[in-house]
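This is a predicted model, so every value here is computed, not measured. Basis for what follows: all heavy atoms, side chains included, without hydrogens, waters or symmetry-related copies. In listed order, ligands and their atoms are each counted from 1.
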Amino acid sequence: MKNKRLVIGFGLLITALLAYAFIRSSQQSKPDSEQTPSSESSISQGASQEKSLKLGVLQLLSHPALDAIYQGLQDELDKEGFKDGENLTLDLQNAQGDQSNLATMSNKLVSDKSDIIVAITTPATLSLANVTKDIPIVMAGITYPVEAGLISSEAKPGNNITGVSDRTPIKQQLELMKEIVPNLSTIGILYTSSEDNSVKQAEEAQAFAKELGLEVKIATIANTNDIQQVSESLASQVQAIFIPIDNTIASAMSTVVKVTDQAKVPVFPSADTMVADGGVLGLGVDQYQIGVEAAKMVIAISKGANPADTPIVIANAGVIYLNQAKADQLGLVIPDTIKSKAQLVGPAANQ
Ligand code: TRP
């Protein structure tokens, strides 16, 4: 009898324990499973995504001008309260000058569902325009967006693309060269044959040179490997060299300048950074400012502006940039009328 009760009591105890264990475990697993997949956390993620701007950036390659554009973009966004990692996700893709990288990276930025994409250079914009007709593209530093077939007009782009041009007044640039180089009669134009951008600028420069009574020698490179030899041959035939806003040459200014310095031929490029890198003087655009202007457009678009009716901005075109150290080195006297208007860049800029 006693034993039987004991067995029953023990059985009840075990049952009670098992029941307790079962209830505990199911209670524990319940809150657990509620926490993990969570309605709560996806709601809060959703809310922060609404505020957070997903900005893709596609840059053709690194050279001082393009890096300055990116810097200006970043700084202006930051100044306007867009903090990377907080309310901004900035994804910079740098194609290292490679066309197939451009294609892959364009696809990535589109499939990652960027809200807006900034395209630094014409080739980068062309590559993105192939992949998306919906995501707004803000061009940063595109010389001829209409001629490149990217938009229908600068006043009213008409599609998902708008942005900032870096066009410079080429005729005035040639006039400055004439004022600075004594008895200038023959100039060289050096550019990259595969950059449509440069081809167009070189054509313009050639026409203006003719108007100004200058003889022109054209020299083109296919890539950076040609620069040394092509510059040497050009420098031996001309008194001064004009270089358009050319990405390949901007990335290898030091090679050009080594050659032209030896031949004592001054170089007149079209961007502040290229003047700083060894040119004498350039009528160009502040590259950093291109980035700042592009950031302003990004912000306007993020607040609802439509790229189709956002006119192209030309970043403060026509600033004269002077590398006084280089002028001195080549024995060139810069007339005071030019000097007084110029902004100093390069080694002597901080003296
Ligand atoms: N305008 C160039 C393009 O359309 C890109 C560029 C911007 C650039 N700034 C520059 C090239 C300065 C050389 C130097 O591709």
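Looking at Ile290 against ligand 1, nothing comes within 4.0 Å, counting heavy atoms. When heavy-atom distances to ligand 1 are checked against a 4.0 Å cut-off, Asn197 comes that close only through its side chain, counted from C-beta outward. Contact annotation for Thr121 and ligand 1: heavy atoms of both the backbone and the side chain come within less than 4.0 Å of the ligand.
For the pair Ile161 and Pro307, the minimum side-chain heavy-atom distance is 4.5 Å or more. Looking at Ile312 and Thr162, their side chains come closer than 4.5 Å, going by heavy atoms from C-beta outward.
For CD of Gln229, the number of neighbouring non-hydrogen atoms (other residues, nucleotides, ligands) closer than 6.0 Å is 12 at most. At most 12 non-hydrogen atoms from other residues, nucleotides or ligands lie less than 6.0 angstrom from NZ of Lys113.
A heavy-atom separation below 4.0 Å is not found between Leu60 and ligand 1. Residue contacts with ligand 1 leave out Glu195, since none of its heavy atoms falls under 4.0 Å from the ligand.
For atom 5 (C) of ligand 1, the nearest non-hydrogen atom of the protein is Gly141 O, 3.1 Å. Nearest non-hydrogen protein atom to atom 7 (C) of ligand 1 is Asp166 OD2, 2.9 Å. Protein heavy atom nearest atom 9 (N) of ligand 1, with residue, atom name and distance: Gln287 OE1, 2.6 Å. The nearest protein atom to atom 4 (O) of ligand 1, hydrogens excluded, is given as Thr122 OG1, 2.4 Å; this is a heavy-atom distance. For atom 14 (C) of ligand 1, the closest non-hydrogen atom of the protein is Ile245 CG2, 3.5 Å.
For ligand 1, the atoms lying closer than 4.0 Å to a non-hydrogen atom of Ala65 are 10 (C), 12 (C), 14 (C). Ligand-side atoms of ligand 1 in range of Thr143: 1 (N), 2 (C), 4 (O), range being under 4.0 angstrom from any heavy atom. Near Ala250, the atoms of ligand 1 lying under 4.0 angstrom from a non-hydrogen atom of the residue are 13 (C), 14 (C). Contact atoms of ligand 1 toward Met274: 14 (C) (distance under 4.0 Å to a heavy atom of the residue).
Minimum heavy-atom separation, Leu332 to Pro182: CD2-CD, 4.2 Å. The heavy-atom pair separating Ile187 from Ala209 by the smallest distance is CD1-CB, 4.2 Å. Looking at every heavy atom in both residues, Leu283 comes nearest to Gln173 through N-OE1, 2.7 Å. In terms of heavy-atom proximity, Leu109 sits nearest to Asp91 at CD2-OD2, 3.7 Å.
Considering backbone and side-chain N/O of Thr273, none are found under 3.5 Å from N/O of ligand 1.
A donor-acceptor pair shorter than 3.5 Å can be found between the side chains of Glu195 and Thr248.
Taking CD1 from Ile137 and OG from Ser106, the interatomic distance works out to 8.0 Å, rounded to the nearest 0.5 Å.
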